[in-house]
> 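Pasting a structure below so you can have a look.
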Amino acid sequence: MDKHAAARLLDTIASYQELKGENPFKVRAFSNAARTVDGLAGDLAQALASGELAAMKGIGPATLEVVREYAASGRSSLLEELRREVPDGLVEMLRISGLGVTKIRTLHEQLRISTIAELELASRNGRLAALPRFGEKTAEKILRGIEFLRRSDAFRLSHHAARTAAQLAGAIAALAGVERVEIAGSVRRRVEISRDVDLAVACHGPARSLEAGLKGAASVREVRSTGEASLTVTLEDGTTADVYCAPPGQFGHCLIWATGSVTHLQQLADRAKARGFDLGVDEFTREAAPVPCPDESVLYAALGLAWIPPELREGGEEIARAAAGTLPHLLERQDLVGLLHCHSVYSDGSNTLSELAAACRAAGYRYLGITDHSMAAAYAGGLREDAVARQHAEIDALNRGWDDFRILKGIEADILADGALDYGPEVLDRFDFVIGSVHSRMDQDQVTMTQRVLHAMDDPHLTIVGHPTGRLLLGRDPFPLDLGAIIAKAAEREVAIEINGDPQRLDLDWRWCARARDAGVAITIGADAHSLAGLDNMDSGVGIARKGWLEARDVLNTREAEGFLEYARHGKAH
DNA sequence: GCCGTTTTCGGCCCGACTGTTTTCAGTCG
């Protein structure tokens, strides 16, 4: 059973209840339960059967029952009941920035609005602005929110797309005549958001021989044949998947084509043509005869190229570098010896220090940089001074129990509106390293925001700038920031910049990685984990680093703890 | 609805900003 689907269900129930006007604490209880389920480390069905789930903090009889029913039948009678009472459109409106429950209910009661289309109309024709406690600016903000929602709806986050792709790949792999299935497209290239999913299949018959089998597969809504060698599959969640098929002897071509990008393929086709080949959507031929290419490297080799990692196939320098034999040796997860940016129960994380440390140690890390929120992030349970002292005492005690692992004392300090970090130097001195992040006042203009972050970088305690642009993919645009200036200052001050591995952030953007590296800036991969499951964010971070052409030597947490600490101390000496 | 070193009922995350109003409700992080 998919724990993420169960978590989504609990969250959806919370939204309906909120709009229905339920007790806000009850609503929060469902949200909390959703977060607990989503952050579960193991398999949900197992946790349900063993009683582990029932024992978890935040899960009580009512929320447990929702999960249990969903596990047994795939439905929720509670949600079905709520949907009869609350229009779906109202729940959708909750995703619009600036609209909360109260405003939505007012709109529903006063103007009979129950869909986004009606909301848009009322925002345009002045009816919305005329309501008490509404106005022109609110109407404009809502229209911007609707536009953002429409833009976002066409895409999904990379880890969601990857999960969908893996499920479909599994279903196809089980069909008769299928030899091999690989996830391709933007998911394979580790692009941060995906419009759809692409799969490459090695099989013995034509594409349509898979049609009947796929129609019966779980989560498949519709299958359409789109040619001799391809199918388009629509999944229950609305995702479109393009399935490209080829006989095993031509699978390399198929996989390259299904992976893209369009620009990369165009450049590859040009190179092929110059060398007497013909590389097109259906075939890879020489003098009209198909060239055998059971895997990708054969095709690249035929064009005088080293195999190009999919992350690099964006139509940049990759073909020239592959021709010259100077492709980078990209960062790998195993290169990382330290896990950085991790929240514990001391602030808004759901696991204890000892649970997090044990999981990191088991995953092969040699240190864990704990960075709970600082005081200013009161909503996230930011640490006051006494909590810092307690946490440090616990870390010292835990560290006495290992000789092959250690917890580093870090903090994710808020960069306040004026650029100050929100602890004084006497508190900041107690940490091994400091991540500085912007969490508030994101509406500042570019000049102010840039000055703010630059000012924070002048603080000798600052080790790392966390999630530099504050973006939430498909959720919130990055705040305006002169990244070039931040990079220049980071090089000058020897401050590292984070690639935040939270799939919603992936910030620093991969397009900026090489520029930061070339300026001499150290990069860290941060998990921004709030639970055991969040530790896996490191994989997403590695994907972005690879996509940004980074190698192990460019990344700070490939260094052993002493090397990392030396970097952090160096900053303080400035 | 969930929780408990304040333990079976009473409390649960809080402070700042925005846009609307003339004193603050609503939203956000």
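Because only heavy atoms are used, hydrogens play no part in the values below, and waters and symmetry mates are left out as well, while side chains stay in. Naming: A, B, ... by sequence-line order, numbering from 1 per chain. Predicted model only: the values in this text are computed from it and were never measured.
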> A:R476 near the nucleic acid: base, sugar-phosphate alone, or nothing, with a heavy-atom cut-off under 4.0 Å?
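Sugar-phosphate, no base atom in range.
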> Using a cut-off of 4.0 Å on non-hydrogen atoms, how would the nucleic acid contact of A:E22 be classed: base, sugar-phosphate, or nothing?
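If one applies the 4.0 Å heavy-atom cut-off, A:E22 turns out to touch nothing in the nucleic acid.
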> Looking across every strand, which nucleic acid part, if any, lies under 4.0 Å from A:M56 by heavy atom: base, sugar-phosphate, or nothing?
sugar-phosphate
> Using the P atom on both, measure B:dC2 against B:dC13 and round to a whole Å.
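B:dC2 and B:dC13 have their P atoms separated by 15 Å.
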> With a 4.0 Å cut-off on heavy atoms, is A:K57 in touch with a base, just the backbone sugar-phosphate, or nothing at all?
sugar-phosphate
> Donor-acceptor pair, A:T463 side chain versus A:V434 backbone, under 3.5 Å?
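Answer holds: yes.
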> In whole angstrom, give me the gap between the C1' atoms of B:dG1 and B:dT8.
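B:dG1 and B:dT8 have their C1' atoms separated by 14 Å.
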> Evaluate the side-chain hydrogen bond (donor to acceptor under 3.5 Å, both in side chains) criterion for residues A:S350 and A:S531: first the C-alpha distance (whole Å), next the side-chain angles of each, then the deciding distance (0.1 Å), finally the verdict.
CA-CA 5 Å; A:S350 23; A:S531 65; 4.8 Å; no
> Between B:dG29, B:dC2, B:dC12, which nucleotide gets closest to the side-chain atoms of A:T63?
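The nucleotide sitting nearest to the side chain is B:dC2.
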> To the side chain of A:R133, which of B:dC12, B:dG29, B:dA25 is closest?
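Output: B:dA25.
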> How about A:R511: does its CZ atom have over 12 heavy atoms from other parts shown lying under 6.0 Å from it?
yes
> Using OP1 and OP2 only, check whether a side-chain N or O of A:T138 sits under 4.0 Å from B:dT20.
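A:T138 to B:dT20 OP1/OP2: side-chain N or O found under 4.0 Å.
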> Verify whether one side chain among A:Q504 and A:H467 offers a donor that lies under 3.5 Å from an acceptor in the other.
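Not at all, the side chains of A:Q504 and A:H467 share no donor-acceptor pair under 3.5 Å.
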> Determine the interatomic distance between C1' on B:dT23 and the same-named atom on B:dC17; round to the nearest Å.
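Taking atom C1' in both B:dT23 and B:dC17, they lie 15 Å apart.
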> Is the distance from OP1 or OP2 of B:dG15 to the nearest side-chain N or O of A:S440 less than 4.0 Å?
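False: A:S440 side-chain N/O out of range (4.0 Å or more) of B:dG15 OP1/OP2.
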> With rounding to the closest Å, how many angstrom separate the C1' atoms on B:dG26 and B:dT21?
13 Å
> Write down the partner of B:dG26 under the Watson-Crick or G-U wobble criteria, each distance required to be under 3.5 Å.
B:dC17
> Go through the steps for A:D88 and A:Y16 under the test side-chain hydrogen bond (donor to acceptor under 3.5 Å, both in side chains), then give the verdict.
CA-CA 8 Å; A:D88 295 342; A:Y16 277 92; 2.6 Å; yes
> Is there a donor and acceptor pair, one atom on the side chain of A:N32 and one on the base of B:dG1, closer than 3.5 Å?
no
> Which one, B:dC12, B:dG29, B:dG26, comes nearest to the side chain of A:M442?
B:dG29
> Taking only the P atom of each, what is the distance from B:dA16 to B:dT20 in whole angstrom?
22 Å
> Rounding to an integer number of angstrom, what distance separates B:dG10 and B:dG15 when you compare their P atoms?
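Going atom to atom, P in each nucleotide, I get 25 Å.
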> Under 4.0 Å, counting only non-hydrogen atoms across every strand here, what does A:P61 touch: a base, just sugar-phosphate, or nothing?
sugar-phosphate
> Test your reading of the model: is there a side-chain donor-acceptor pair from A:R95 to the backbone of A:L149, 3.5 Å cut-off?
no
> When you match A:K137 and A:L94 each to their closest nucleotide on DNA chain B, which lands nearer the 5' end?
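Counting from the 5' end, the first nearest nucleotide belongs to A:K137.
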> Identify, between A:A139 and A:Q17, the residue whose nearest nucleotide on DNA chain B lies closer to the 5' end.
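Between the two, 5'-proximity favours A:Q17.
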> Check every strand shown and say whether A:V27 touches a base, only sugar-phosphate, or nothing at a heavy-atom separation below 4.0 Å.
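Touches nothing.
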